[in-house]
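Scroll down for the structure; my scribbles are underneath it.
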Amino acid sequence: MSLATKYTPEAVEAKWYQYWMEHKFFSSQVDHSKEAYTIVIPPPNVTGVLHMGHMLNNTIQDVLVRKARMQGKNACWVPGTDHASIATEAKVVAMLKDMGIDKKSLSREEFLTYAWEWKEKYGGIILEQLKKLGASCDWDRTKFTMDADLSDAVISVFVDLHKKGKIYRGIRMVNWDPQGKTALSDDEVIMKEIQSKLYYIRYQIEGSEDFLTIATTRPETIMADVAICINPNDPRFTHLKGKKAIIPLINRAIPIIEDEYVDMEFGTGCLKVTPAHDVNDYELGIKHKLEVIDILNDDGTLNAKAQILVGEDRFVARKKIGKLLDEAGQLDKIEDYKSNVGHSERTNAVVEPKLSLQWFLKMEDITKPALSSVMEDIIQLHPPKFKNMYRSWMENVRDWCISRQLWWGHQIPAYYLPNGEYVVAKTKEEALAQANATYGTDYSISDLIQDEDVLDTWFSSWLWPISVFDSEVFSTGKPNEDLKYYYPTNDLVTAPEILFFWVARMIIAGYEYLGEKPFKNVYLTGIVRDKLGRKMSKSLGNSPDPLELIQNYGADGVRVGMLFSSPAGNDLPFDEKLVEQGRNFANKIWNAYRLVQGWEIDSNLSGDANAASIAWFENRFNQALTEIEDHFEKFRISDALMATYKLIWDDFCSWYLEMIKPAYQAPIDPATHAKTIEFFENILKVLHPFMPFLTEELWHQINERSAENALIVTSWPSAGSFDVNNIAEAAQIFEVVSQIRNIRASKGISPKETFSLTIKTVNAGLYERFEAVLKKLANLDSVSFGDSLDNAISFVVKADECFIPMAGQVNVEEERENITKELEYTKGFLQSVMKKLSNERFVAGAPEAVVANEKKKQADAEAKIKALEEALRKLS
RNA sequence: GGAAGUUUAGCUCAGCUGGUUCAGAGCAUCUGCCUUACAAGCAGAGGGUCGGGGGUUCGAAUCCCUCAACUUCCA
């Protein structure tokens with residue numbers, strides 16, 4: 001019957017997770033008699049291993065799901081993984097390289113075979129790790145973004161949007177890695193500050209002997225210039241308006257255009273416009289309808305359009321052209337200059353802005369309902385400060401480039417025809433039929449060539465809240481039973497970093513395909529950082545191994561540690577101390593149970609002495625639960641946890657259990673015992689979402705229970721009403737206890753030495769009700785009422801004077817000093833109150849309740865002053 | 001360069017529309033305790049001019065202006 005003095009999580013956690021799985025507590029089926037509560041997991045990358053960010057994110061989801069389940073809702077948490085085109089392809093390429101295989105030597109099919117093998121082997125690791133955390137996902141519903149049905153959904157959506165005219169092919173500037181010969185996403189580009197040079201080049205004005213000078217870091221691109229741009233407000237250049245300039249060395253005339261975009265302060269105030277090789281210039285080119293001259297090959301060498309230096313590498317060309325310009329007398333000077341230059345994360349090559357043909361989704365119309373639903377709080381962001389960011393992005397949204405030059409992913413269902421046209425269809429067969437019908441041709445399957453590229457990974461994950469339930473609705477338009485029941489989902493928990501990439505796009509897809517929001521609440525977590533404030537990352541090696549943490553502190557401890565200091569949207573500065581605190585908390589509860597389970601019950605005993613304590617805790621529990629519910633309501637999860645923590649540690653353990661605890665080896669009365677077990681059970685219920693393993697273990701220790709009575713499916717307690725007055729009275733008693741303990745501590749008197757307490761009060765009834773508690777907690781042999789005592793240490797609580805006789809031990813000077821100090825403070829306080837009350841404008845202007853309050857403060861302070869003054873008189 | 005946010009105890013943060021216990025919590029620190037549930041613990045204590053300055057108000061951590069520092073997003 002004796003339990004270990006320390007809680008050991010390992011065995012307990014494995015046991016209960018298996019138990020929950022066996023009894024299918026995580027699984028959810030459509031059940032119209034119950035309200036659905038749905039969360040879809042932000043699918044982690046298949047390349048991923050569990051990191052601290054996942055821990056935080058999934059702990060929050062599990063807390064929400066477990067609470068909803070206990071509240072009788074049909075809780076469904078759908079897990080899954082994301083195929084992560086770029087990251088996975090990079091992993092597979094690296095793996096092949098280790099095996100001595102070059103990706104270029106493989107066909108697409110061969111490569112994909114390796115990729116799938118890799119996915120089967122490593123893709124599920126992260127989900128297994130989530131189980132260790134206690135995640136109560138419905139594992140039977142596990143999905144992968146490249147599952148056949150989900151892929152089908154992605155292709156249907158592409159075809160559909162293309163048919164609606166929302167998807168088009170267009171030119172776009174991408175980050176090109178000339179070494180890897182591939183486009184990079186912005187995330188794969190690392191900006192580095194580079195010491196470079198600013199070349200000042202002289203361009204002759206057509207039909208005159210004048211020159212204008214332009215500063216550029218990229219002189220090798222002058223052959224691609226199509227205009228010179230000046231700021232129309234710049235008085236230095238008014239004479240150039242409408243003229244033309246001549247590109248040095250190749251002597252091509254280009255127009256001088258005007259745009260306020262030009263920074264008059266930078267360089268010479270003149271800008272050369274090279275649309276093919278600079279993003280900003282490209283925009284400028286579109287605005288002014290300029291042609292585009294691309295002088296670079298894919299490998300970064302100059303092509304024939306450059307006319308000179310053809311075949312030279314861009315950096316070699318830069319040096320050479322500097323020399324040529326100098327020789328031609330058209331190089332004014334060269335200055336040192338620091339600039340930020342993008343480098344390829346993988347090859348470290350300097351990234352070249354390059355125009356290429358890509359697929360786009362028109363965003364202008366499709367985003368409208370997604371913007372308004374968030375602005376009108378139909379979908380609520382927590383914390384709401386992210387609404388601003390969301391709006392600015394949605395209002396300035398650019399068309400979404402959805403193609404990627406990769407193989408791992410959903411291949412774009414566009415088929416090119418020998419006649420130079422293309423068709424978009426779900427299958428090659430359909431494409432063929434469509435092609436022949438449209439163009440009156442007689443092509444065969446082998447004439448069709450499918451687009452090489454795959455779709456952006458977000459183009460599949462934006463369908464996630466829909467496609468995990470119903471992958472066919474995109475083509476049929478008819479939602480299945482699952483979708484009708486579970487959609488819209490309730491809460492989405494994710495990181496603010498992907499608010500635009502993912503969250504916004506899910507909202508867009510939700511309205512586009514179902515005319516309904518995908519979720520009601522978006523809880524945005526912070527970033528987990530190390531003590532130095534750095535983001536935790538594998539490359540820095542500053543992230544603890546989550547599984548090791550679970551091993552060392554228990555899953556419950558880790559969950560609590562993660563949540564302790566993570567208000568929504570705020571970064572979490574992680575410190576192992578937090579997890580230790582979580583572990584200690586688990587141990588505290590474990591020991592509280594050890595105490596309670598060790599009691600013997602004597603049915604002859606009366607529980608009268610404990611009635612006041614029981615009544616107080618009942619009130620306090622209901623008060624705390626009300627607060628906790630309020631925190632949950634507002635998605636203040638860490639506050640909800642802290643309130644629970646304090647309820648258990650401070651109120652239940654430190655006060656309540658001490659109040660009712662029988663003397664050593666003495667039995668307890670049945671009424672108190674029963675009540676205490678009831679309180680304990682309620683506490684376990686409230687704590688379960690945060691610490692599922694420990695609570696389920698103790699739940700079954702308290703009583704043998706059948707599966708349907710397991711804690712995970714027990715109903716959540718509802719907060720009853722509570723008597724604030726009773727709680728305040730108890731607080732007054734606690735204050736007296738603390739004061740007496742303080743006297744012992746400051747005078748070095750052993751807690752074993754008993755005191756007798758005399759109280760001067762008009763409210764003796766209160767102290768009588770709590771007499772047993774006072775005696776036990778302050779170690780008193782008697783509590784009596786009466787007038788002031790001599791030779792006693794005194795203190796004042798509210799307006800009541802308390803005396804502890806202490807012949808010979810009273811240091812009169814010290815006592816006087818203490819009381820005087822408090823008296824001074826109280827007088828000062830009273831003065832400030834009186835100042836307000838004597839101010840007519842305050843009395844007239846402030847609300848009635850505020851004035852009444854000040855009057856009450858006045859009365860309390862006056863009573864206290866009276867008591868203190870009397871105590872002081874007694875001393876002399 | 002454009003926009004937003006943050007600044008309260010040693011650390012991490014609460015403090016809603018100005019007015020109870022308005023200066024709080026947890027951790028950390030200090031002191032005393034191996035008191036038979038728990039030293040992963042118990043009891044007690046100290047600690048802040050609410051970033052600086054100005055203003056509005058009877059009254060400002062809270063509203064306004066300004067300066068400074070940090071962070072993030074966009075370019």
Side-chain angles (χ1 to χ4, degrees), chain A residues 2-7 261 263 265-266 279-280 283 383 385-393 396 398 496-497 499-500 526-527 529 531 533 553-554 557 561 564-567 569-575 577-578 580-599 630-631 634 636 638-639 641-643 645-646 649-650 653-654 657-658 661 663-665 728 731 735 737-752 777-779 798 832-833 835-847 849-857 860:
Chain A
S2 76
L3 295 167
T5 59
K6 297 219 177 347
Y7 169 60
Y261 162 77
D263 182 353
E265 308 294 319
F266 183 82
V279 178
N280 296 313
E283 303 281 330
K385 68 176 178 186
F386 288 106
K387 276 168 81 173
N388 263 336
M389 270 169 66
Y390 183 87
R391 184 181 55 211
S392 71
W393 188 76
N396 301 298
R398 306 170 77 179
E497 303 163 293
L499 183 58
F500 312 137
I527 296 165
R529 297 180 182 278
K531 277 188 233 176
Y553 297 96
F564 259 138
S565 149
S566 62
N570 274 25
D571 286 357
L572 165 66
F574 182 78
D575 189 332
K577 277 251 157 72
L578 292 168
E580 198 180 308
Q581 196 184 343
R583 178 200 62 178
N584 294 354
F585 185 41
N587 200 49
K588 181 74 187 176
I589 298 159
W590 177 259
N591 277 291
Y593 179 69
R594 281 184 68 222
L595 172 71
V596 172
Q597 65 92 34
W599 287 336
D630 185 52
H631 287 314
K634 293 172 175 137
R636 296 191 300 229
S638 61
D639 289 336
L641 171 61
M642 187 50 76
Y645 179 83
K646 287 201 276 193
W649 200 307
D650 299 344
C653 294
S654 294
L657 288 180
E658 294 297 335
K661 180 164 120 181
Y664 180 55
Q665 287 190 335
E735 174 64 17
V737 171
S738 291
Q739 289 280 3
I740 296 172
R741 285 171 175 171
N742 188 6
I743 289 168
R744 280 211 176 80
S746 65
K747 303 220 176 290
I749 300 169
S750 161
K752 286 173 183 156
L777 298 189
N779 194 20
K798 293 260 182 184
S832 79
V833 173
K835 200 173 142 196
K836 276 190 212 173
L837 285 170
S838 60
N839 182 334
E840 275 176 41
R841 297 173 73 179
F842 170 74
V843 179
V850 174
V851 177
N853 219 337
E854 291 301 314
K855 286 193 174 149
K856 186 172 179 300
K857 274 155 85 177
D860 288 351

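Residue numbering restarts at 1 for every chain, and letters A, B, ... go by the order of the sequence lines.
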Point to revise | Chi angles and distances behind the side-chain contact (heavy atoms from CB on, under 4.5 Å) call for A:Leu657, A:Val596 | key: CA-CA 9 Å; A:Leu657 288 180; A:Val596 172; 4.0 Å; yes

Exercise for review: Carefully, step by step, assess A:His631 and A:Leu641 under the rule side-chain contact (heavy atoms from CB on, under 4.5 Å).
Suggested key: CA-CA 9 Å; A:His631 287 314; A:Leu641 171 61; over 6 Å; no

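A distance of about 16 Å separates the P atoms of B:rG5 and B:rG15, rounded to the whole Å. Spacing between B:rA3 and B:rA45 at atom C1', rounded to whole Å, works out to 47 Å. Only the C1' atoms considered, B:rU57 is 16 Å distant from B:rA61, to the nearest whole Å. Taking atom C1' in both B:rG26 and B:rC63, the straight-line distance is 30 Å, to the nearest Å. B:rC13 and B:rA28 are spaced 14 Å apart, taking the C1' atom of each and rounding to whole Å. Remark: the separation of the P atoms in B:rG48 and B:rA25 is 14 Å, to the nearest Å. A gap of 24 Å separates the C1' atoms of B:rC42 and B:rG24, to the nearest Å. Atom name P, nucleotides B:rG19 and B:rG59: the rounded distance is 14 Å, in whole Å.
Using a distance-only test at 3.5 Å, with no hydrogens or angles considered, a donor-acceptor pair links the side chain of A:Arg744 to the main chain of A:Ala778. For A:Trp590 (side chain) and A:Leu3 (main-chain N/O), no donor-acceptor pair under 3.5 Å exists by modelled atom type.
Atom CG in A:Asn591 sits roughly 10 Å away from atom P in B:rA37 (whole-Å rounding). If you measure from atom OH of A:Tyr390 to atom P of B:rU72, you get 24 Å, rounded to the nearest angstrom. In this entry the distance linking CG of A:Asp650 with P of B:rG24 reads 17 Å, nearest Å. One atom, CD1 of A:Ile740, and another, P of B:rG44, lie 12 Å apart when rounded to the nearest Å. In this structure, A:Arg741 places its CZ atom 16 Å from P of B:rU35, rounding to the nearest Å. To the nearest angstrom, C1' of B:rU72 lies 13 Å from CG of A:Asn388. Taking atom CZ on A:Phe500 and atom P on B:rU72, their separation rounds to 15 Å, with Å as the unit. Residue A:Asn742 contributes atom CG, which lies 10 Å from atom C1' of B:rA43 at whole-angstrom precision.
Judged by distance alone with a 3.5 Å cut-off, a donor-acceptor contact links the side chain of A:Arg583 to the base of B:rA40. Between the side chain of A:Glu658 and the base of B:rA37, at least one donor-acceptor pair of N or O atoms lies under 3.5 Å. A donor and an acceptor atom never sit less than 3.5 Å apart when one is taken from the side chain of A:Lys577 and the other from the base of B:rC27.
Using a 4.0 Å heavy-atom distance criterion, A:Phe585 is classed as making no nucleic acid contact. Across all strands shown, A:Asn587 has heavy atoms under 4.0 Å from base atoms, whether or not it also approaches the sugar-phosphate. Within the nucleic acid shown, A:Arg391 has no heavy atom closer than 4.0 Å to any nucleic acid atom.
Proximity of A:Asn584 to the phosphate of B:rC38: no side-chain N or O atom is located under 4.0 Å from OP1 or OP2. Between A:Trp649 and the phosphate of B:rC42, there is a side-chain N or O to OP1/OP2 separation shorter than 4.0 Å. The side chain of A:Arg744 contributes no N or O atom lying less than 4.0 Å from OP1 or OP2 of B:rU35. OP1 or OP2 of B:rU6 has not a single side-chain nitrogen or oxygen of A:Lys385 nearer than 4.0 Å.
Considering CG of A:Leu595 and CD of A:Glu658, their distance stands at 8.0 Å, rounded to 0.5 Å. Atom CG of A:Asn587 sits about 11.5 Å away from atom CD of A:Glu580, to the nearest 0.5 Å. A:Ile749 CD1 to A:Arg741 CZ: the interatomic distance, rounded to the nearest 0.5 Å, is 15.0 Å. Residue A:Lys661 holds its NZ atom at 8.5 Å from CH2 of A:Trp599, rounded to the nearest 0.5 Å.
When the nearest nucleotides of RNA chain B are assigned to A:Lys646 and A:Leu595 by heavy-atom distance, the more 5′-ward of the two goes with A:Lys646. Nearest-nucleotide mapping onto RNA chain B: of A:Ser738 and A:Gln665, the residue sitting toward the 5' end is A:Gln665.
Taking the six-membered ring where the residue is Trp, A:Tyr645 and A:Phe564 present perpendicular rings, their angle passing 60° and hence far from 30°.
Comparing B:rG26, B:rA75, B:rC38 against the side chain of A:Arg398 picks out B:rA75 as the nearest. Nearest nucleotide to the A:Tyr645 side chain, out of B:rG44, B:rC42, B:rC27: B:rC27. Distance from the side chain of A:Lys752 is smallest for B:rU35 among the nucleotides B:rA25, B:rG44, B:rU35.
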Revision key, fill the gap. With both pairing distances under 3.5 angstrom for Watson-Crick or G-U wobble, and | for a partner in another strand, the correct string for RNA chain B is (((((((..((((.....[....)))).(((((.......))))).....(((((..]....)))))))))))).

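Within a 6.0 Å radius of NZ in A:Lys387, more than 12 heavy atoms belonging to other residues, nucleotides or ligands are found.
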